[in-house]
Q: 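Handing you a structure now.
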Amino acid sequence: MSELSSGLTTQSSYVEIHQRFADSEYGQTLAGVIRYDRYRPEQVDPGQWRKLLGADVNCLEHMPITYGIARQFVLYHEAEDDSPVRFSNFETYVFLLAAKVHDWQEAVVGDINYELKTADDESVERTVFSRLFDEFFDLDDPRRDEVKAHLDTIIFDRDSKLGHAFNAVERIGYLRTGLRAFNVSPGQDQILTEHLEWLATSVLSNQITSLLEYAEVYPYVRHYLRANESRISAAFGALTVEVFMRHGQAEPDRHQVYMLAQTAWRGRVL
């Protein structure tokens, strides 16, 4: 993979910038924040939750994992001679860097569940991220302002070229966790099983329709869905809208989103 050679643009810089943040007070705060926490039953401590669902449920560890997905995304498209996805060296750099830093603001504002996040929440996050960038990117890089502008676009503008691609990467990450929740749900006690199924059903509701649309644009998304086709089908076959009712989400709109996702998956062309 080609990368820029000046300033913060070497492979090691991704590790260095993450470690600089991780060692800070912000990083230590984020290390204590658990993702998908609304789905975690009270009797399950954060350590057990991480053991069940993997490192991606820790907010600090989530970013290097997202970097791994983003890197596979870029490598896959670089390897395809006829790939419609082409990034310049600089675009590749900021795209991968975004994966390493995209949730810094959650050390200040907290982790807001995907389906509950509002435009106002994103506006606050954008402001906080800008401040943290200024604090941690303290090297004299001639393209520093350009890096900042691109990161802002990638993380907060899903309609931009790189923001659109990065949103696809993030959605793959969400789906990975949802499928893992479904896979580990059997054999747990009844309460934990129901909560894991609730998480899985919510993820399928929120992600599958969009990922199928992204699969028409990005070969790597299509590849990922094909590789996990049987697992996704098994989850849709086992999970029903009754999961939402058990957790106080009886509203018709919530159920309709799940049914639309299920219908879209059944009609998929991959």
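FYI, side chains are in, hydrogens and waters are out, and symmetry mates aren't considered; it's all heavy atoms of this structure. In this chain, residues are counted from 1 in sequence order.
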Q: So, taking the atom named CD1 in Ile232 and the one named CG in Leu179, what distance separates them when rounded to the nearest 0.5 Å?
A: 5.5 Å
Q: Among side-chain atoms of Asp121 and Thr118, is any donor-acceptor pair under 3.5 angstrom?
A: yes
Q: Looking at Tyr214 versus His164, is the centre-to-centre ring distance below 6.0 Å?
A: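 Yes - the distance between ring centres of Tyr214 and His164 falls below the 6.0 Å cut-off.
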Q: Would you verify whether the NZ or CZ of Arg231 falls within 45 degrees of the ring axis of Phe182 while also being under 6.0 Å from that six-membered ring's centre?
A: no
Q: By the side chain to side chain donor-acceptor pair (under 3.5 Å) test, which pairs, at least two apart or in different chains, include something from residues 176-186?
A: Asp56-Thr177
Q: Is the ring centre of Tyr220 less than 6.0 Å from the ring centre of His223?
A: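 For Tyr220 and His223, the ring centres are under 6.0 Å apart.
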Q: Check this for me: Gln190, atom CD, are more than 12 non-hydrogen atoms of other residues, nucleotides or ligands nearer than 6.0 Å?
A: no
Q: Can you find a pair of side-chain heavy atoms, one from Phe136 and one from Trp104, that are under 4.5 Å apart?
A: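 Of all side-chain heavy-atom pairs linking Trp104 with Phe136, at least one is under 4.5 Å.
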Q: When the ring centroid of Phe236 is compared with that of Tyr258, is the distance short of 6.0 Å?
A: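 That pair passes the under 6.0 Å test.
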Q: What do you reckon, are the aromatic ring centroids of Tyr93 and Tyr14 less than 6.0 Å apart?
A: yes
Q: For a quick test of reading the model, state the closest non-hydrogen atom pair linking Gln105 to His102 and the distance between them.
A: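 Nearest pair, atom of Gln105 first, then His102: NE2-O, 2.7 Å.
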Q: Given the rule in the side chain to side chain donor-acceptor pair (under 3.5 Å) test, do Arg86 and His77 qualify, once you have shown the distances and angles that lead to the verdict?
A: CA-CA 7 Å; Arg86 286 284 180 260; His77 294 127; over 6 Å; no
Q: Name the residue from Leu60, Ile65, Thr66 that meets the side chain to side chain contact (heavy atoms under 4.5 Å, CB included) definition with His62.
A: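 With His62 as partner, Leu60, Ile65, Thr66 yield a single side chain to side chain contact (heavy atoms under 4.5 Å, CB included), made by Thr66.
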